[in-house]
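Dropping the structure in here first, questions after.
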Amino acid sequence: MSADNTRDFVHEGYDVAYVQEKWLPVWDQLAPFKSGRPDDKRPKKYVLDMFPYPSGDLHMGHAEAYALGDVIARYWVQKGFNVMHPIGWDAFGLPAENAAIKRNIDPAIWTYENIAVQKASMRRYACSFDWDRTFNTCDPEYYRWNQWLFLQLFELGLAYRKASKVNWCPSCQTVLANEQVVAGLCERCDTAVTKKKLTQWYFKITDYADRLLDDMSQLEGQWPEKVLTMQRNWIGRSTGANVDFQIEGRAEPVTIYTTRPDTLYGATFFVLAADSDLAAELAKGTGVEKEFNAYLEKIKADSDIDRLATDRPKSGVFLERYAINPVNGEKLPIWASDYVLADYGTGAIMAVPAHDQRDLDFARAMKLPVRVVVETGEEDPSVTGVATAGDGALVNSGPLNGKPKDEAIAFINAQLERDGLGKSARNYRLRDWLISRQRYWGTPIPIIHCPKCGDVAAPLDSLPVKLPNAEGLDLKPKGTSPLGAATDWVNVPCPKCGGPAERDTDTMDTFVDSSWYFLRYPSNTDHTQAFSRESVDTWLPVDQYVGGVTHAILHLLYSRFFTKVLHDMGMLSFNEPFTRLLNQGMVVMEGSAMSKSRGNLVKLSDELANHGVDAIRLSMVFSGPPEDDVDWSDVSPAGSVKFLNRAWRLSGDITSAPGVDFSKGDVALRKATHKAVHDAGFAVESFRFNVAVARIMELVNSARKAIDSGCGPADPAAREAVEAIAIMLSLVAPYTSEEMWERLGHKPAIALAGWPSVDETLLVADSVVAVIQINGKIKERLEVSPTISDAELEAQALAHPTIAKELAGATINKIITRAPKLVNIVI
RNA sequence: GCCUCGGUACUCCAACGGUAGAGAGGGCAGUCUCAAACACUGCAUAGUGUCGGUUCGAAUCCGACUCGGGGCACCA
C-alpha cells in the first residue's frame, strides 16, 4: 500500500503555524486597519479596547477581551466604516516598581521590555489594531500632558491640596483613593487599609457629582445597566435638609444633615462623629474629657474592617452637653460616637431612634428614649427593636400632625427656611479624588512648594517635569516618596520669587493617566498639545468601548469626570466619552478565577501553541454571551480546530471561478446563505457573538451538504455560500479566512472584502410549518405558504382529518389564527 | 439587610407571548482502515428552579419563594 493511497483517507487540514507566519507580513504591508488616511470617505467608527497594563505577557483574559473587541472592529470595517481601533499601554504603576526593586533594575526597562513582548503577542493574535496610533503613558511625551492637565485643574481650583485623614495601604506604602479601597482592603494587594493624616492633592470630582449622575440618562440602554447602577450607588446622592441646632454654652449653632426633616419632632438625642473637631471641642473641660479621649484612642485603633462589621455593637460617650431642638426647644443630650462619620454631611446628626435603625440600636444600647412620630402601622420600634422607615401620618409633631411624609417634609423645609433655621440640602457619598501617591513610577506632580509663595505651578515651558533617573534612588517603599531623595531634582528655585523651593515629590495616581488616553489616540504624534481639537472632533466620542467590569467605577467615573471638565474648558464638544460599553466576563478555570497559587492557571501561550490563534479566538467568542464568564474547562479548543478545518475544506471544493454570477445559483442554498449573513450581522450588532458563530456553523453544514449531495461544487450558490462563510469568519478567525479567500481565488486582504449584501427577497422561506392547536395543545402541523391568509389557514386547519375528528361533537368557542404560524381552536 | 442579574438536556448555551433545541462539547453506532486517529453519516439524552397569577396559549409577562453570581452596606 503506497503512501499516496493512504492520503485519500486522511482528510486534509492546513498547517496552522505555517499559515500564521505566512499572512502576518502580508497584513503588515497592506495595513488593512490603518485609520484616518486623508482621502478616506468612509464614515468613522471609534472602537476602543481598554488598554493593558504591561505586566508580563498577555494572558487568557486579554485573549478574550481582544477577541471580542476585534470582532466588533472587524465587523464595522467589513460594513464599510473607517474604523479606528487603537491600542496603547497603561504603563505607569506599582508592579513595575516592585519588579524593579526585586531585580534592582530601572522600572522603565522592565516596563518597555514587557510592552515589546505584549505588542508582539498582539500582532500574532491578529488584533486589528492601528499600530501607528500607539503610545505608552510612561512616555514623557504623554505624561507631560498629564502635568499640563493637572495645572489646568489647579488653575480652575479643581486640583487642591488639603490635610485630611486618608486611606493608607501599609503594604503598598502609599495612600489610596476611596475607590481603591474595597471592603476595607487595598484593591491591589488585599491588605487592610489604615488611616493616616496627610496633606495630599485632590481633584474636585464632587463638583461634578450631579452631572455625573444626571448625564447617565444619555447612557441608558447603551451601557450595561449594572455599571450604571454601580455608578449611581457610588455617587450616592441623597436629598434632605440642613438644620441648625443651638448648643448650650456655645455661641455658634451646629448644623446637622438629615434626609428626614419630617421626623424632627422625634429627635431624642444628638450625635457627633467622635473623631470630629467639634466633638473634641465640646468634650474639652467637661467631666468626661478623659473618658472621651480614651474612647477616641480606642476607635482610632479600629481598622476599617472592624468598623464595617454589621453586627458591631454601638459605642459612644455622653459629653454632658445639650443641643436645643429648634422646632420644640427640647434639650437633647449630645453623644460622641463612631457610628457617625466625620466626613459625611456635617459630622453631626439628630438621632430619631423610632425611624432610623442605627439610632435605635444606639438608643437601646445607651437606654435613651424612643418617640414615634410617624404612624406606619407597624409595631412599636422600642418594643421590637426594628425602626420603622415607612410612610404614614405624622404624630407628636405639632403643626406636622396628620400630614403624610412627603407633605411634612415640604412643610417643615419651608418653615425652617422662613425661620432661618435650615434649608433643603443634598449630600453625596462620592468624595474628592485623592491623586497623590508616595511612589516613584508615575507622573510627577508639577508643583513647586515655596516657603514664601506657597504652592506654585511649574511653568508650562518646563514641562514635562521628568522623573529623576531611578539609578541611585532607593525605590523601596518607606511611606514617603522616593523622589524626595533625589535632592538635585527636588531643589529648584521658586518660579515666582526665585528663592529656594522644593518640588512636590509625590506622583499621580495612574488613574489620571487613563482618564483621558482615549483622547490622545487620534493625534498621538502631535507633541505640541494634549490632543488636537480637530482630530477629537473627527473621532470622538468613542462609539464602542470594550473592557472588564472591574473598572465599572474607578476608570469609567474618572474618565467621565475628565471629559466634563475638558468640555467646560471648551476643549471638547461632547459630555460623555463612551457612547456604548461592553463589559466582557472573566476567563475562569473550573469555576474559580485562574491563579498560580490555586494551581488552575491556563497559559495562553500553551493554548496558542496547541490549537493556533484562530481556534483560541473562536473558542473565546463562541463560549457564550460575552458578558458571562468563560469557564475554560467547558470550552473545547479542539472542537474549534475541527470546525475551522471543516470550513477551510469547503474553500478547496469550489470549482467555479471568482466573479461568477450568484443570481444563477441554487435557490435553496442561496436562501440559507442570505439568511445566515443577515442573522449573523444582526447577532454581532447585538453583541450575541456566540449566536453569530452558530449561524456560520449552520451555513458550513448547509454548504457541505449542498456540495456533497445537492447543487454540487460548481454551482454559483456554492461559491456564494463559501465566500460568505470566509468573510463572516474573518471577524473571528483571520488566518483561516485569509487562507480560504486565497484558495477561492481572491487577493488579500479578506478583512476589506466587504460584508456580503443581503437580498431581502431571499430571506422569505418557500414554505413554513404552521401548527394547529386545540385548547393550546399542539395537535397537527401543516406545511403552508408563508403568505397564506388567516382565513385560508383556518379553513385548512378545520378541514384537516385529525382535527375534524377531534372536533366532532364539540362546540367551538373561539378560533385564534396567526398566519402563517398557528391556529388555536378553543372548545 | 438593600439593590441587581440569572437558573433550559450530561456540559456550555439558543429560542419577536405561538412547534422547547439553533449551534457546540461530551457519548454511542456506522462508513473508511489491517487497526486507530482524522473525516463523513446517523442516533440518543422528555429538561424550562418552586408555587401561584394574567392569557386562547407562558421558558418568555406579573407576584411570592428558592438557589447562584455581582454590587452597595453605620452615608443620617
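By convention in this document, chain letters (A, B, ...) are assigned in the order of the sequence lines, proteins followed by strands, and residues within each chain are numbered from 1.
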If you go through the side-chain atoms of A/K314, does one of them form a donor-acceptor pair with the base of B/C74 closer than 3.5 Å? yes
Give the dot-bracket string for RNA chain B, reading 5' to 3', where a pair is Watson-Crick or G-U wobble with both distances under 3.5 Å, ( ) marks pairs inside the strand, [ ] marks pairs crossing earlier ones, | marks a partner on another strand, and . marks unpaired. (((((((..((((....[..).))).(((((.......))))).....(((((..]....))))))))))))....
Given B/G23, B/U11, B/A14, the nucleotide with the shortest approach to the side chain of A/P625: B/A14
Answer yes or no: does a side-chain N or O of A/S238 lie under 4.0 Å from OP1 or OP2 of B/A76? yes
Of all the nucleotides listed (B/G70, B/G23, B/G42), which has the minimum atom distance to the side chain of A/K226? B/G70
Going by number, which of residues 815-827 of chain A have a non-hydrogen atom under 4.0 Å from RNA chain B? A/I816, A/R818, A/K821, A/L822, A/N824, A/V826
Base of B/G1 paired with side chain of A/Q357 (donor-acceptor, under 3.5 Å): no
For B/A14, does either OP1 or OP2 sit under 4.0 Å from a side-chain N or O belonging to A/N690? yes
Compare all side-chain heavy atoms of A/M697 with those of A/F622 and state whether any distance is below 4.5 angstrom. yes
On the 0 to 90° scale, with breaks at 30° and 60°, tag the A/H551-A/H555 ring pair as parallel, tilted or perpendicular. perpendicular
Parallel, tilted or perpendicular: which describes the rings of A/W335 and A/F362, with under 30° parallel and over 60° perpendicular? perpendicular
Test side-chain contact (heavy atoms from CB on, under 4.5 Å) applied to A/K779 - qualifying residues, sequence neighbours left out: A/I774, A/K777, A/I803, A/E806
